[in-house]
Trainee: 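Before I ask anything, here is the structure I am working with.
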2 protein chains.
Amino acid sequence: MNIKDLLLGKPLPNDAIKHEKLSRLWGLPIMASDAVSSVAYAIEEILLVLVPVLGLLSFSKVPYIVLGILVLMLILIASYSTIIDHYPNGGGSYAVAKENLGEVASLLASSALIIDYILTVAVSISSSTAALVSAFPSLQGHKVLISLLCVALITLINLRGVREASKIFGLPTYIFIFSMAALIITGFIKMAAGTLNPVSYDTPILPAETVQGIGLLLILRAFSSGCSAMSGIEAVSNAVQSFKEPSTRNAKQVLYMLGAVIIFIFGGTSLLTMKLHVVPVAGHTVLSQISETVFGHSIMYYILQAFTSLILILAANTAYNGLPQLLYILAHDGYVPRQFSHRGTKLSFSNGIIFIFIIASLLIIGFKSDTHKLIPLYSVGVFISFTIAQYGMFRKWRQTKETNWQYKCWINGFGTIVTTVVSVIVFISKFKDGAWILAILMPALMLTMHAINRHYTYVSEQLKLDKFNPYYDKDKERSTQCIILVNEINKPFLKAINYATSISKNIVALHVCRHPKHAAALRKEWEELDIPFELKVIETPFRDIIGPMDKYLWEREKQLAPGENISVIVVNYVSDHWYDYFLHNPTNILFWRALMKHKNVTCVQLPFHYSAV
Amino acid sequence: MNIKDLLLGKPLPNDAIKHEKLSRLWGLPIMASDAVSSVAYAIEEILLVLVPVLGLLSFSKVPYIVLGILVLMLILIASYSTIIDHYPNGGGSYAVAKENLGEVASLLASSALIIDYILTVAVSISSSTAALVSAFPSLQGHKVLISLLCVALITLINLRGVREASKIFGLPTYIFIFSMAALIITGFIKMAAGTLNPVSYDTPILPAETVQGIGLLLILRAFSSGCSAMSGIEAVSNAVQSFKEPSTRNAKQVLYMLGAVIIFIFGGTSLLTMKLHVVPVAGHTVLSQISETVFGHSIMYYILQAFTSLILILAANTAYNGLPQLLYILAHDGYVPRQFSHRGTKLSFSNGIIFIFIIASLLIIGFKSDTHKLIPLYSVGVFISFTIAQYGMFRKWRQTKETNWQYKCWINGFGTIVTTVVSVIVFISKFKDGAWILAILMPALMLTMHAINRHYTYVSEQLKLDKFNPYYDKDKERSTQCIILVNEINKPFLKAINYATSISKNIVALHVCRHPKHAAALRKEWEELDIPFELKVIETPFRDIIGPMDKYLWEREKQLAPGENISVIVVNYVSDHWYDYFLHNPTNILFWRALMKHKNVTCVQLPFHYSAV
């Protein structure tokens, strides 16, 4: 308990929950870190697709792609704002799908999101470790370890509660956002003043000589790559209940602010990139080139570089807020084990947080913290969830037919088509590199969730009482027959006898005989002490204690009268040492397992306290 | 259970034990495999020390060293024969030390033997894997896996019982022994016929030019290296009880046969080596050179080569017979956990066998199946145990003063001195390469065994009854107060009530309240159903169930009258699926742990059976 307190701090009482909710000020950076970290690279992703084919001609296509993405962003932000209104308990696309599209779609949305959230953690931490390792090459051999330590640290901070985590992770996100704003505004001013000239390269980038059939596919691929800017928009809708009251209003305002931030950053960097004709070159990101041109080698350049690295770790933190909330909602609906619905000592959804830690750590170990192998799996899920959310809302408007429903249908219908296209392109283009794993993993996760739900439903049916008819109503005496397992007549046995006499008048001591000489000595002592219960000795031909005991119990159970049951007393040797289990009670768990198979038998664990050396 | 039967075969009844003992015919190869596998390389070990310094001059020194080793072998065989007579229950040097030298020496002997037995397994399997891998280089990357599979296979065969194992492993050992005999006899005949000429080498081996101060140390080091021939002699004395009745006579006869075999093989190969002036060259062992010279490239040459590789695996098998017997004796004396004294379904000491499997596997994984790293740790232990056995017998003769005691004292005194010298030289010469680990490991193991013994003694004192004074003698009514943990009024709760009424008249239902609304609904239902027990609702400020329950119990416990106790009923959801635990009972183990801390409280595990989907 002391270590726990040291790591997590003092437990928080239930009524502290209102202090553990996110304000708008600190909620924005928490929710934004994932989105702004991806938006910083979105324009580079677009150019990486176009430039190898089109060269400088790319810049004639970029504006259309950027505009398309901005329109899609607006649609998504507007949709999720409506989703927050209609699903104030959170859950985002899962909740939308569940209500409007049925179980399959809702499980698809949630499994896609679960996988994507965890991949966000693994990818962002692995890439920040990669950045660290390239700065300090002596750490090369310890990549996995460093990544694991980072995950552990983020996990720990999140376990300490939302309030603490939001402040620790919020400040650097704000610094990054403001640095980006400074970059864009300074860039615009210099642009207006006419002092900003295109970047020149040692190897000049030329327009492609023969551009026959630029191909819709190329444009679509560039568009899809740019859409990576949008991952993270979903998180707010999942975690509506994490916000202070009025939670829907606060969540929506955070979503709008988040939208404004990413549109400003994406639009601004895109404009500067087009103006400066920046192309990605190895070891020098587009963002770094813009920053160098605008700021020169001033302090601002270095601040931006440093916080661009840091934001990658922070991106992981968004998952720590979105996923446990989603798991809580899924647990509430019985699709994942119930433990995910409990809040821990610091009122955080600790089981969900620990779940992220375990799975992300396994991914990091399994993929050796190698971003190249992890990235193909990443970001497919988020587009699937966008598509489902869009289509779900489309269906909702058609059914509810509330004010302006045709107009809303057009928007979400268009959103559905675009996000479907993006999902398909992203999935196909990443398929060979590893996204095929998702084609196995997502259905498997869906089936598991379905099975868990079916199990819980089926079991809860069985637990229901049709009629409350306890035996005590029936004027019928109830009694238990007691069996004490005995090996030697010693203090624990005496304690067992004393307990047995307190619950039963029908007591038998059972000795499973491994060594006939020992059994004979036991019987002799028994008779000398004149113990007034039967000592039943049974043989064990194969030296196994459980089997003969089990067989004896089945026979005794058959002879039970109605209202009777059997209590078997098993002594537990208890001291404060972990090795008690090995030295004294190694078979108790086997007894327990065997006894639990009998419907009319209980296993009474009787503690015998001793001091150990 | 089916898999177990498939792997191990049908369980053997207790009275089959006499068929599971070793006859002389099959006992010899089991006990000999370790010894003959090391004796095959003993002369090579000697030459490896001498030749680099002395060149061909070595052969003038070899006879003295060989003679010294033969004398020491005779002393050891004679001593262990006497030890078997005096310690017919087995245990070898441990038993000798325990009686004559006290606890420290006996623990030193046993920890040295435990470590050495396990190292025998790891080393011999790793070297046979190395041989396999050099024959099939494509297996290079799978060394550890192959080694682990070998250990698993040997473990499995030994678990199937002594009778089966001795036949499977006995036959190849006999083939090896007879091939060696054929080699030596053929060699002698050819030698007598004068058709055997010294081996000639491409690079002629010359006598060292300046041999100033051949140094006693060099001779001693060569002598010590040659003593590796003796590891394995100890095993018979550890496992006396593994032999058919009359077990001491059979064990002694096996020991004599074993002695004859190793003296014949060691003496014979040494003589041939000296005659042929064979020196070790890379990739061509001394044994292989002799065999090539004597047999040419006939079928016998290949048989001997094949079985020389095979005998390495079989050497591991000696440990599987010696160590579980030793652990059984140590468990009987309370120095290792008691589980080691139980025989498994096939009457083998299955826990000891599984223990070897686990530790040897860990060693193989930890040292990556690399013999170069394992060998320095190996064979120190066996000389320590020889020394202790010799000194123990020396002390015994001085105390008992039986017939010819002075004469026996001289023999064992001389044995003590020689084995001490060998132990010290072996330990020092291997110290830097890894034997220093033993200087930590052996004391640690000794301390652990001492602590376990102290623990068992201390606890068994506490369990002893001074006086058998059960409460039922005292004309005093005993009773239990029953607490049912309740969350919902459902079938399991009804079953708990019905059980509670069968053991107690004082029943309280305890609800630890996480959600006040739920608690209110529960109370309402309770009142509507008019349940005639108290429903006690306690608050949990920190969402923890165990803490408040524990606190409530301490208070209840304080108020108990003499002769009263508390039974807490915990429902176990039981179906046949492994996932029950995760979905329904994850906190039961925490309840159990908390309840066991209360001296006057029992934890009643009540099964509720449900069918799962």
Side-chain angles (χ1 to χ4, degrees), chain A residues 11-14 337 339 342-343 345 452 454-456 458-459 462-465 468 470-472 478-480 489-492 494 497-499 501-504 529 532 541-544 563 565 567 572 574 582-583 586 592 595-599 601-607 609-613, chain B residues 11-14 337 339 342-343 345 452 454-456 458-459 462-465 468 470-472 478-480 489-492 494 497-499 501-504 529 532 541-544 563 565 567 572 574 582-583 586 592 595-599 601-607 609-613:
Chain A
L12 292 174
N14 294 330
Q339 292 92 299
H342 300 318
R343 289 179 189 271
T345 43
I452 289 175
R454 201 162 135 241
H455 177 91
Y456 274 138
Y458 190 70
V459 173
Q462 291 176 65
L463 301 189
K464 262 184 206 153
L465 275 175
F468 186 72
Y471 269 98
Y472 62 73
R478 312 241 325 130
S479 72
T480 195
I489 297 174
N490 52 16
K491 281 188 189 162
L494 186 61
I497 286 188
N498 285 336
Y499 178 77
T501 52
S502 79
I503 64 166
S504 172
L529 289 169
F542 303 112
R543 294 158 304 287
D544 153 42
N565 60 60
S567 305
N572 283 248
V574 181
F582 294 99
L583 296 177
W592 164 76
L595 293 170
M596 288 298 101
K597 292 195 177 132
H598 298 261
K599 283 194 184 176
V601 172
T602 60
C603 172
V604 182
Q605 311 271 8
L606 179 82
H609 288 243
Y610 69 98
S611 47
V613 280
Chain B
L12 291 174
N14 294 330
Q339 291 93 298
H342 300 318
R343 289 179 188 268
T345 43
I452 290 176
R454 201 162 135 241
H455 177 91
Y456 274 138
Y458 189 69
V459 172
Q462 291 176 66
L463 302 188
K464 263 185 206 152
L465 275 175
F468 186 73
Y471 269 98
Y472 62 73
R478 310 245 322 134
S479 71
T480 194
I489 297 174
N490 52 15
K491 280 187 190 163
L494 186 63
I497 285 189
N498 285 336
Y499 178 78
T501 52
S502 79
I503 64 166
S504 172
L529 289 169
F542 302 112
R543 294 158 304 288
D544 153 42
N565 60 60
S567 304
N572 283 248
V574 181
F582 293 101
L583 296 178
W592 165 75
L595 293 170
M596 287 299 101
K597 292 197 176 130
H598 297 262
K599 283 193 183 177
V601 173
T602 61
C603 173
V604 182
Q605 311 271 7
L606 179 83
H609 289 244
Y610 70 98
S611 47
V613 281

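Lettering of chains follows the sequences in order, A, B, ..., and the numbering in each one begins at 1. Computation of the quantities below employed the complete heavy-atom set of this structure, encompassing side-chain atoms and omitting hydrogens, waters and symmetry-equivalent molecules.
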Trainee: Tell me, for Lys599(B) versus chain A, whether the close heavy atoms (under 4.5 Å) come from the side chain, the backbone, both or neither.
Mentor: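 For Lys599(B), heavy atoms of backbone and side chain both lie under 4.5 Å from chain A.
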Trainee: Say you draw a straight line from CD1 of Ile489(A) to CZ of Phe468(B); how long is it, rounded to the nearest 0.5 Å?
Mentor: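 Answer rounded to 0.5 Å: 6.0 Å.
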Trainee: Atom NZ in Lys597(A), atom NE2 in His609(B): separation rounded to 0.5 Å?
Mentor: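 If I round to the nearest 0.5 Å, the distance is 10.0 Å.
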Trainee: If you round to the nearest 0.5 Å, how far is SG of Cys603(A) from CG of Leu606(B)?
Mentor: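 It comes to 11.0 Å.
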Trainee: Considering non-hydrogen atoms only, spot the tightest contact between Val604(B) and Tyr499(A) and give its length.
Mentor: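 What the structure gives for the nearest pair is CG2-OH, 4.2 Å.
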Trainee: Which one, Ser567(B), Ser504(B), Ser479(B), leads in non-hydrogen pairs under 4.5 Å with chain A?
Mentor: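 Winner by heavy-atom pair count: Ser479(B).
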Trainee: Need one label for Asn572(B): side chain, backbone, both or neither, based on atoms under 4.5 Å from any heavy atom in chain A.
Mentor: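 Interface part for Asn572(B): side chain.
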Trainee: Go through the atoms of Tyr458(B) and report whether side chain, backbone, both or neither lie under 4.5 Å from a heavy atom of chain A.
Mentor: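 When you check distances to chain A, only side chain atoms of Tyr458(B) fall under 4.5 Å.
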Trainee: Ignoring hydrogens and geometry, is there a side-chain-to-backbone donor-acceptor pair from Gln462(B) to Ser611(A) under 3.5 Å?
Mentor: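 Yes: the side chain of Gln462(B) pairs with the backbone of Ser611(A).
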Trainee: Tell me whether Arg478(A) contacts the main-chain N or O of Asn498(B) through its side chain, where contact means a donor paired with an acceptor under 3.5 Å.
Mentor: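 Yes.
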Trainee: Taking all non-hydrogen atoms of both residues, which atom of Leu465(B) and which atom of Asn490(A) are closest, and how far apart?
Mentor: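 Closest approach of Leu465(B) to Asn490(A), heavy atoms only: CG-C, 3.5 Å.
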Trainee: Which heavy atom of Leu463(B) sits nearest a heavy atom of Pro492(A), and at what distance?
Mentor: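 Nearest heavy atoms, Leu463(B) then Pro492(A): CD2-CG, 3.6 Å.
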Trainee: On a heavy-atom basis, which atom in Lys491(A) and which in Lys464(B) lie closest, and how many Å separate them?
Mentor: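 In this case the closest contact between Lys491(A) and Lys464(B) is CE-O, 3.1 Å.
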Trainee: Please state whether the side chain, the backbone, both or neither of Thr480(B) comes within less than 4.5 Å of a heavy atom of chain A.
Mentor: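 When you check distances to chain A, atoms from both the backbone and side chain of Thr480(B) fall under 4.5 Å.
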Trainee: Is there a side-chain contact between Arg543(A) and His342(B) in this structure, where contact means two heavy atoms from C-beta onward sitting under 4.5 Å apart?
Mentor: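 They are not in contact (no side-chain heavy atoms under 4.5 Å apart), so the answer is no.
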Trainee: In terms of heavy-atom pairs under 4.5 Å, which option from Leu595(A), Asn565(A), Asp544(A) contacts chain B the most?
Mentor: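 Greatest number of close heavy-atom pairs with chain B: Asn565(A).
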Trainee: Between Tyr456(B) and chain A, with a heavy-atom cut-off of 4.5 Å, which part of the residue counts as in contact: side chain, backbone, both or neither?
Mentor: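 Side chain only.
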